[in-house]
Amino acid sequence: MILPRDFYSGSAVETAPRLIGYRLVRVLDGTRLAGIITETEAYQCEEDQACHARSGRTPRTEPMYGEPGCAYVYFTYGMHWLLNAVTDAPGTPAAVLIRAIFPVEGTQRMAELRPMLSGQPGWLNGPAKLTQALGIDGNLNQADLCSEQSGLFLEEGISVPPGALRTVARVGINSVPEPWRSKLWRWQLDPNSLRKVLG
DNA sequence: CGGCCGATTATCT
DNA sequence: GATAATCGGCCGG
């Protein structure tokens, strides 16, 4: 079953940890590519100085102001695409960055799309690594994650054991002022639990 | 316009 | 640890 829209209707901080353990599915040329989400980050509100919406509503940030359950895919560093799930009510900018997955379906195809270190432990533990492996780019910006038609959606995954989640500060935002820089808005399955649950 | 810098990654030392 | 790669968004002039 595809995760319904109301799963995304809360804030980004509320939704980000809940997404850990779910299965991110990409249908590419009729083939299912999928991974278990193991790390997420929350970005919400124009006040959050790490959030793109700090500049207000612009063509780029428009997806964050839209329907929850849609994709916000943006281009950065001149070469990378990053995938977010939009959350919260329309008009309230919020999104959850998908930072890492553990491959479970279509691994061979994913390795073709991203050959570097493919198969090595943690080879999809980066927001730009997983988009490359799943064939995600700007064409999927604003795609509906609640519809199978989009070719990008979430499904049930694994059950996350109690205490398996770690909360840490967001990364890549070193010039962001306090208190935003130190918000513990990044969630990850700790390595032990990851190994125990996923091998 | 010009300049800075980025929700990153690979490849050096 | 440091840095190149590489380009669009945003801000100041």
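Both backbone and side-chain heavy atoms feed into the values below; hydrogens, waters and symmetry mates do not. Only a predicted model underlies this, so the values are computations on that prediction, with no experimental measurement involved. Below, read A as the first sequence line, B as the second, and so on, with proteins coming before strands; counting in each chain starts at 1.
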Inset, instruction - Name the nucleic acid region contacted by A:R60, choosing base, sugar-phosphate or nothing; use a 4.0 angstrom heavy-atom cut-off, strictly under. - result: sugar-phosphate

Inset, instruction - Identify whether any heavy atom of A:L97 sits under 4.0 Å from a base atom; if not, whether one sits that close to sugar-phosphate; answer base, sugar-phosphate or nothing. - result: base

Rounded interatomic separation in angstrom, taking [atom1] from [X] and [atom2] from [N]:
X: A:N141; N: C:dG8; atom1: CG; atom2: P; answer: 15 Å
X: A:L83; N: B:dT8; atom1: CG; atom2: P; answer: 14 Å
X: A:H80; N: B:dG6; atom1: NE2; atom2: P; answer: 14 Å

Inset, instruction - Give a yes or no on whether A:Y22 and A:F153 share a hydrophobic cluster (residues Ile, Leu, Val, Met, Phe, Trp, Tyr; joining criterion: side-chain heavy atoms under 4.5 Å apart). - result: no

Legend entry - Shortest non-hydrogen contact from A:I101 toward A:T38: N-OG1, 3.9 Å

Inset, instruction - Report yes if a side-chain nitrogen or oxygen of A:H52 is closer than 4.0 Å to either non-bridging phosphate oxygen (OP1 or OP2) of B:dA7; otherwise report no. - result: yes

Inset, instruction - Assign each of A:A128 and A:F75 to its nearest nucleotide of DNA chain B by heavy atoms, then name whichever residue's nucleotide is nearer the 5' end. - result: A:F75

Legend entry - Closest listed nucleotide, where the reference is the side chain of A:K129 and the choices are C:dA5, B:dT9, C:dG9: B:dT9

Inset, instruction - Could you provide the dot-bracket string of DNA chain C, using ( ) for intrastrand pairs, [ ] for crossing pairs and | for bases paired to another strand, with Watson-Crick or G-U pairs below 3.5 Å? - result: |||||.||||||.

Inset, instruction - Please check if any side-chain donor atom of A:D137 sits under 3.5 Å from a side-chain acceptor atom of A:N139, or the reverse. - result: yes

Legend entry - Side chain to side chain, A:L154 and A:L19, heavy atoms closer than 4.5 Å: yes

